[in-house]
Amino acid sequence: MKCRTCGAKAAVNMRQHKLALCKEHFLDWLPNQTARFIKKYRMFGPDEKILVAVSGGKDSLSLWDILHRLGYNADGLYLGLGIDEGIAYSNESRRLTEQFARQHKLKLHIVDIQAEYGHSIPVLAALTHRGQNRPCSVCGVAKRHEMNRIARDLGYDVLATGHNLDDEAAVLFGNTLSWQADFLLRQGPVLPEHDGLARKVKPLCRFYEKEMAAYALLRGIEYMYEECPFSTGSTSIYYKELLNRLEADRPGAKLAFYLKFLEARASGQLFIQPEDAPQAMYHCPSCGQPTQYEGKCSFCRIIEKVQTEP
Ligand code: Q46
Ligand code: ZN
Ligand code: ZN
C-alpha cells in the first residue's frame with residue numbers, strides 16, 4: 001500500500017475513505033481535515049477562547065495538540081475524578097495530561113472533585129445510592145457541571161471535547177434504538193451557547209477511533225492506554241462493538257450512519273427542529289446553571305445530599 005500523496009510506503013490505510021497515507025502525510029491530513037470541519041460546522045473563529053476538556057486519553061490530548069498546531073487559543077481543563085479502582089486511573093491520567101501541557105507549554109486548569117467537594121466520584125455515587133455498580137451517571141453530571149462552571153467563570157467562548165466518530169455513532173445508535181427525539185436533537189458537532197453556558201463543539205466527530213489512535217501514536221503523544229475501569233461492560237462499548245462488526249463488512253457504514261443523520265437533521269427530515277428541543281426553564285438557585293426543573297440542579301442536589309446526610 002502506497003501513500004496517495006507521495007508514493008512512499010503507507011503507514012495508515014483508511015478503507016472507509018479509500019485513502020492510504022505515509023506517516024508524514026497522515027500527520028498533515030488529520031489536522032487539515034479538523035480545520036475543515038471546524039469551519040464547515042462553524043465551531044469557532046480564530047480569535048475565540050477555547051477550553052479543551054482533557055482526560056489524558058488519546059482523543060482529548062490529540063485534539064489539544066491539533067488545535068495548538070492550527071494556531072488556536074486553546075487551554076486545557078482536567079477533572080480529577082478520584083478513580084483508583086484496580087488501577088491508579090486518575091493519578092496516571094493526570095500525570096500524562098500535566099506532562100503534555102508542560103512539554104507543549106500549554107495552560108492547564110485542574111479541578112479535583114474530591115478537593116473541591118469533599119468526595120471522589122465513586123464515593124459521591126455510593127453515598128447518594130445512584131448507580132448500582134457504576135458511578136457513571138454521577139460522573140457524567142459532575143463532569144458536565146464542572147466543565148460548564150469553569151468555562152463560564154474563566155470567560156471561555158467555547159468548550160471542546162475529544163469525542164470521535166465511534167463515540168458519536170454509538171450514542172446515535174442508542175438514541176435511535178429508543179427514539180429519544182430530544183437527545184437526537186442535541187447531538188451534533190456543535191451545541192450552541194445558551195443561558196450563559198458556553199458553546200460545545202466536537203472537532204473530532206468525523207474521525208474513526210482508530211484514526212485517532214494512529215494520530216496519537218505517530219505523533220508520539222504519550223497517553224493513557226487504559227480506559228476508566230468503570231467503562232468495562234458498558235452499553236456504549238457494546239454498541240461500539242456492534243457498529244464495528246457492521247463496519248468490518250461494509251467499510252464506511254459507521255461514517256455514513258452519522259453523516260446521514262446530520263443531513264437529515266439539517267434538512268428537517270427528523271420532523272423536529274433543534275429549536276423544538278426542551279429548553280431549560282429555570283436556573284439553579286445554588287450555582288446559577290440552567291435546569292429543566294424548578295429547584296437545584298442535579299449536581300447541586302448530589303452535593304447537598306452528601307453534605308446534609310450523616
Ligand atoms: S463516566 Fe463512568 Fe466514564 Fe466516569 S466513571 Fe469512568 S466510565 S470516566 S466516560
Ligand atoms: Zn506521503
Ligand atoms: Zn446547581
Side-chain angles (χ1 to χ4, degrees), residues 1-14 19-30 32 53-60 78-90 92-94 97 113 116-117 119-126 130-149 152-153 161-164 166-168 170-171 195-197 209 218 224 226-238 240 280 282-305 307:
M1 200 56 83
K2 292 204 160 104
C3 171
R4 182 196 280 178
T5 309
C6 70
K9 188 172 179 295
V12 184
N13 178 24
M14 295 170 282
L19 177 66
L21 293 169
C22 68
K23 175 179 171 181
E24 183 195 340
H25 290 117
F26 177 74
L27 289 177
D28 283 345
W29 175 83
L30 204 135
N32 288 341
V54 275
S55 67
K58 63 182 185 321
D59 303 298
S60 56
Y78 175 84
L79 295 177
L81 307 172
I83 293 173
D84 60 1
E85 276 69 8
I87 51 167
Y89 177 76
S90 288
E92 184 58 5
S93 58
R94 175 172 173 165
T97 306
I113 298 288
E116 202 79 26
Y117 300 102
H119 301 287
S120 67
I121 292 291
V123 173
L124 283 177
R130 292 190 180 212
Q132 304 302 347
N133 320 309
R134 244 182 251 284
C136 294
S137 68
V138 167
C139 186
V141 167
K143 284 197 283 197
R144 221 171 11 256
H145 187 275
E146 292 300 279
M147 285 190 238
N148 284 330
R149 179 174 72 85
R152 180 194 62 189
D153 289 359
T161 56
H163 294 94
N164 60 40
D166 294 47
D167 298 323
E168 292 302 284
V171 172
D195 298 291
L197 296 187
E209 173 150 20
L218 294 174
M224 184 77 186
E226 283 89 5
E227 299 286 340
C228 171
F230 293 110
S231 68
T232 317
S234 68
T235 319
S236 92
I237 290 188
Y238 174 61
K240 283 183 184 176
Y282 307 99
H283 283 94
C284 170
S286 174
C287 70
Q289 289 196 20
T291 64
Q292 269 182 44
Y293 308 99
E294 210 171 348
K296 287 191 178 179
C297 71
S298 313
F299 182 72
C300 290
R301 274 187 281 128
I302 291 170
I303 299 304
E304 183 182 53
K305 188 154 190 222
Q307 284 173 348

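First listed ligand is number 1; within each ligand, the first listed atom is number 1. Throughout, numbering of the chain's residues begins at 1 and tracks the sequence.
- The closest protein non-hydrogen atom to atom 9 (S) of ligand 1 is Lys143 NZ, 3.4 Å.
- Tally of protein N, O or S atoms closer to atom 2 (Fe) of ligand 1 than 2.8 Å: 1.
- A distance-only check finds a donor-acceptor pair linking the side chain of Ser60 to the backbone of Ser55 [under 3.5 Å].
- For the pair Arg152 and Gly288, the tightest heavy-atom approach, listed with the atom from each and the gap, is NH1-C, 4.1 Å.
- With Asn148 contributing its side chain and His145 its backbone, the two residues share no donor-acceptor pair below 3.5 Å.
- Taking the charged nitrogens against the carboxylate oxygens, Arg301 and Glu304 have no contact shorter than 4.0 Å, which rules out a salt bridge.
- Listed for the Thr291 side chain is no donor-acceptor partner under 3.5 Å among the backbone atoms of Cys297.
- Ligand 1 lies out of reach of Glu227, whose nearest heavy atom is not under 4.0 Å from it.
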(Q) Working note: Gln289 + Asp195, criterion side-chain contact (heavy atoms from CB on, under 4.5 Å); need CA distance, chi angles, decisive distance, verdict. (A) CA-CA 8 Å; Gln289 289 196 20; Asp195 298 291; over 6 Å; no

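- Residues forming a side-chain contact (heavy atoms from CB on, under 4.5 Å) with Cys3 (at least two apart in sequence, or on another chain): Thr5, Cys6, Leu21, Cys22, His25.
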